[in-house]
Amino acid sequence: MSADATVGRRVTEAIPGIGNDTIETYGRVVDSGQPASFEIEVSALGHRSYEARAHSLGCDRFAVLFLEITERKRIEKALAESRAMLSDIVGTVDQIVWSALPDGRHDFFNSRWYEFTGARAGSNEEATWASLRHPDDREQVSERWLRSLATGEPYEIEYRLLHHSGQYRWILGRAHPVRNAAGEIIRWMGTFTDIDAAKRAEAELRESEEQFRTMAEALPQLVWMADDQGRIYWYNRRWYEYTGAAPQEAEGWGWRKAVHPEHAARVAEGVQLSAETGEPWEDTFPLRGADGEYRWFLSRATPLHDARGRITRWFGASTDITEKQKLEEFQALLIREISHRVKNSLALVSALLDLQARSLEGGLRAALDDAASRVGAVATVHDQLFRQATTREIDLKPFLSNLAVAIATSAPEHETVIDVEPAIVPADIAVPIGLFVNELITNAYKYAYPEGDEGEVRITGERTDEEHYRLAVSDLGVGLPKGFDLARAYESLGMRIITTLAKQLGGELTADSTEPGARFALVFPVRPAPPLAA
């Protein structure tokens with residue numbers, strides 16, 4: 001509006017929305033003759049803010065000077081909101097927040113301080129704070145605080161503060177100086193953080209580690225600990241006694257110097273792989289002693305995890321198994337010697353039976369020939385079983401494959417095909433399985449094809465389910481005799497042996513003609529080896 005258009009109008013007409021309190025203020029200025037100053041926000045002028053100064057001119061007239069303060073009010077509002085937000089933050093954080101003047105006198109504590117100490121709300125006396133410190137910590141805390149005040153360095157210290165429960169709790173005190181544009185300290189802002197639980201856990205951990213070290217020192221094994229990357233940082237006394245190495249020589253990867261050169265690269269590779277995958281580590285290798293001699297050790301390491309499942313360290317131990325190794329080597333030598341003698345004895349019995357048969361004719365000679373052949377079969381089975389005699393369980397794949405190859409040497413004119421799947425069975429049923437297969441294969445060589453003819457004999461083995469194995473021997477020969485029945489096939493010694501072994505194995509035996517040829521199959525249970533007696 002122009003000045004001319006405004007003159008003669010009422011204030012409420014010129015400035016719509018002006019409040020009655022403003023009009024009343026103008027009236028008091030006219031009636032009293034006293035000036036007045038106030039702030040006003042005018043919505044009709046885009047919510048601008050002004051500082052109004054009204055003065056009486058006499059004769060019921062007055063004049064008003066308006067100074068625009070819109071920007072100042074915006075800043076004041078933003079500052080007020082910022083202070084309110086800061087107050088909310090300070091009031092809700094789970095820490096004691098405080099401030100101090102440049103000379104160190106505390107002038108503010110948030111509500112957490114009063115909740116923690118039980119001090120009277122609103123009090124911030126310096127003496128109160130000082131009296132709440134543990135007597136053994138007071139001098140140190142004061143010295144640290146005075147040093148920060150004197151140097152302007154940030155303040156940080158751990159000490160015990162009296163809790164409202166009457167118990168002292170560990171707190172972490174920190175403070176940083178607030179400086180003006182000239183670099184002068186105008187205030188200190190600080191926090192107290194309750195770290196009592198962490199300090200107690202730390203103390204318990206130290207006690208636990210001390211107990212562990214005491215126990216580890218008492219063990220006869222070489223015990224060690226490594227970081228999450230597999231670098232060893234601690235050994236027990238037994239390690240240094242055995243190796244003669246100095247502590248600085250063995251830390252990190254220095255242990256490799258004690259490993260026999262022929263094993264060092266492989267062992268280091270295994271350790272690195274476990275460090276990368278987090279899988280437990282185990283290996284057997286020789287370590288050099290302080291006397292220069294090597295002894296065999298079984299070494300194992302297990303990862304230790306934190307609450308999040310991350311590996312924090314590795315715990316390992318190495319056990320001297322030199323004497324055990326010597327004993328096992330002696331036992332293996334003894335077993336080989338016994339096996340060799342048993343095999344030779346069976347071969348001698350087979351040779352004697354064969355020699356005796358040569359002086360006989362007819363049925364007696366055939367019976368002795370069969371007996372010599374079966375004694376030889378026992379020797380063959382025993383030899384193949386011995387080749388896997390390092391365990392109490394046998395894998396059928398290599399056992400049957402090697403056995404069939406050995407049996408096939410007695411009938412080179414026939415083609416022997418072997419197709420068996422692996423399966424682990426107790427060693428005590430390997431012998432009847434081997435004799436069963438030998439009887440079926442030799443029978444196929446003898447009776448499947450006319451004398452002088454060549455043909456195929458196939459041995460197959462497969463799992464039918466998790467608990468059963470199917471073993472079969474088949475040929476492409478003349479097939480089963482007409483009217484053949486397993487239940488009445490006891491006229492033949494070979495069939496009696498086959499059916500007896502099938503029962504011994506707890507299996508189900510079947511015999512079928514395959515046109516051409518015949519197939520004998522046995523499905524038997526696969527059971528784990530019984531546990532060792534205590």
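We number each residue from 1, following the sequence as shown.
Taking each heavy atom of Tyr240 and Ala245 in turn, the nearest pair found is CD2-O, 3.2 Å. When all heavy atoms of Ile394 and Ala430 are compared, the pair lying nearest together is CG1-CB, 4.2 Å. Between Ser401 and Val420, the shortest heavy-atom contact is OG-CG2, 3.5 Å. Taking every heavy atom of both residues into account, Leu522 and Ala502 meet most closely at CD1-CB, 3.7 Å. Between Val478 and Pro450, the shortest heavy-atom distance links the atoms CG1-CD, 4.2 Å. Residues Trp314 and Ile311 come closest through the heavy atom pair NE1-CG2, 3.7 Å.
Salt bridge Arg295/Asp320: present, at least one basic N to carboxylate O contact under 4.0 Å. The pair Glu204-Arg200 does not count as a salt bridge, with every side-chain nitrogen at least 4.0 angstrom from each carboxylate oxygen. Under a 4.0 Å N-O distance rule, the pair Glu269/Arg266 does not qualify as a salt bridge. The residues Asp137 and Arg133 are annotated as not salt-bridged, no charged nitrogen and carboxylate oxygen being separated by less than 4.0 angstrom.
Distance alone, capped at 3.5 Å, is enough to place a donor-acceptor pair between the Asp196 side chain and the Trp170 backbone. Here the side chain of Asp228 pairs no donor or acceptor atom with the backbone of Arg313 at under 3.5 angstrom. Without hydrogens or angle criteria, Asp395 side chain to Pro398 main chain gives no donor-acceptor distance under 3.5 Å. In this structure, Asn110 contributes its side chain and Ile96 its backbone to no donor-acceptor pair below 3.5 Å. The backbone N or O of Leu287 lies less than 3.5 Å from a partner atom in the side chain of Tyr242, making a donor-acceptor pair. Under a 3.5 Å cut-off, the side chain of Asn236 and the backbone N or O of Gln221 do form a donor-acceptor pair. Without hydrogens or angle criteria, Thr514 side chain to Pro516 main chain gives a donor-acceptor distance under 3.5 Å. At least one donor-acceptor pair under 3.5 Å links the side chain of Arg463 to the backbone N or O of Glu466. Looking only at distances, a side-chain donor or acceptor of Asp291 sits under 3.5 Å from a matching main-chain atom of Glu293.
Within the structure, every pair that satisfies the ring-ring contact (aromatic ring centres under 6.0 Å, His included) test and touches residues 507-526, not counting sequence neighbours, is listed here: Tyr469-Phe524.
Ring orientation note: the planes of Phe192 and Trp113 are tilted relative to one another, at an angle of 30° to 60°.
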Give the intermediate values and the outcome of side chain to side chain contact (heavy atoms under 4.5 Å, CB included) for residues Trp253 and Arg231. CA-CA 6 Å; Trp253 298 94; Arg231 294 183 293 265; 3.4 Å; yes
Phe116 vs Leu161, side chain to side chain contact (heavy atoms under 4.5 Å, CB included): CA-CA, chis, key distance, verdict: CA-CA 9 Å; Phe116 184 93; Leu161 193 65; 3.8 Å; yes
Arg144/Val141 under side chain to side chain contact (heavy atoms under 4.5 Å, CB included): CA gap, chis, key distance, verdict: CA-CA 5 Å; Arg144 185 72 59 84; Val141 174; 5.9 Å; no
Determine, stepwise, if the pair Glu158 / Lys199 fulfils salt bridge (charged side-chain N to carboxylate O under 4.0 Å, His left out). CA-CA 10 Å; Glu158 295 179 1; Lys199 292 290 285 188; 3.0 Å; yes
Going through the distances and angles, do Glu421 and Glu462 end up as a side chain to side chain contact (heavy atoms under 4.5 Å, CB included)? CA-CA 5 Å; Glu421 295 181 356; Glu462 61 182 354; 3.7 Å; yes
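Summarising the local packing, CZ of Arg174 is surrounded by 12 or fewer heavy atoms from other residues, nucleotides or ligands at distances under 6.0 Å. More than 12 heavy atoms of other residues, nucleotides or ligands shown are found within 6.0 angstrom of CD on Glu276. Atom CZ of Arg160 has more than 12 neighbouring heavy atoms from other residues, nucleotides or ligands inside a 6.0 Å radius. Other residues, nucleotides and ligands place no more than 12 heavy atoms under 6.0 Å from the CD atom of Glu515. Crowding of Glu508 atom CD: a count of heavy atoms from other residues, nucleotides or ligands under 6.0 Å not exceeding 12.
Looking only at side-chain heavy atoms (C-beta outward), Leu509 and Thr499 come within less than 4.5 Å of each other. Contact check for Phe285 versus Ser299: side-chain heavy atoms found under the 4.5 Å cut-off. The shortest distance between side-chain heavy atoms of Trp255 and Val267 falls below 4.5 Å. With a 4.5 Å cut-off on side-chain heavy atoms, Thr193 and Ile171 do not count as touching. Residues Ile459 and Val417 form no side-chain contact, since every pair of their non-hydrogen atoms from C-beta on lies 4.5 Å or further apart. Val457 has its side chain within reach of Val473: a pair of non-hydrogen atoms, C-beta onward, lies under 4.5 Å apart. Between Arg300 and Trp281 there is no side-chain heavy-atom pair separated by less than 4.5 Å.
For His305, there are no ring-ring contact (aromatic ring centres under 6.0 Å, His included) partners two or more places apart in sequence or in a different chain. With sequence neighbours left out, Trp296 forms a ring-ring contact (aromatic ring centres under 6.0 Å, His included) with His263. Scanning for side chain to side chain donor-acceptor pair (under 3.5 Å) contacts around Arg458 gives Glu456, with sequence neighbours left out. Scanning for ring-ring contact (aromatic ring centres under 6.0 Å, His included) contacts around Trp239 gives Tyr235, with sequence neighbours left out. For Arg288, the side-chain contact (heavy atoms from CB on, under 4.5 Å) test picks out Tyr294, with sequence neighbours left out.
Thr460 contributes atom OG1, which lies 7.0 Å from atom CG of Leu471 (distance to the nearest 0.5 angstrom). Expressed to the nearest 0.5 Å, how far CD1 of Ile433 lies from CG of Leu403 amounts to 10.5 Å.
Ring centroids of His414 and Tyr449 are separated by less than 6.0 Å, placing the two rings close together.
Side-chain contact, Glu279 with Ser274: no donor N or O sits under 3.5 Å from an acceptor N or O.
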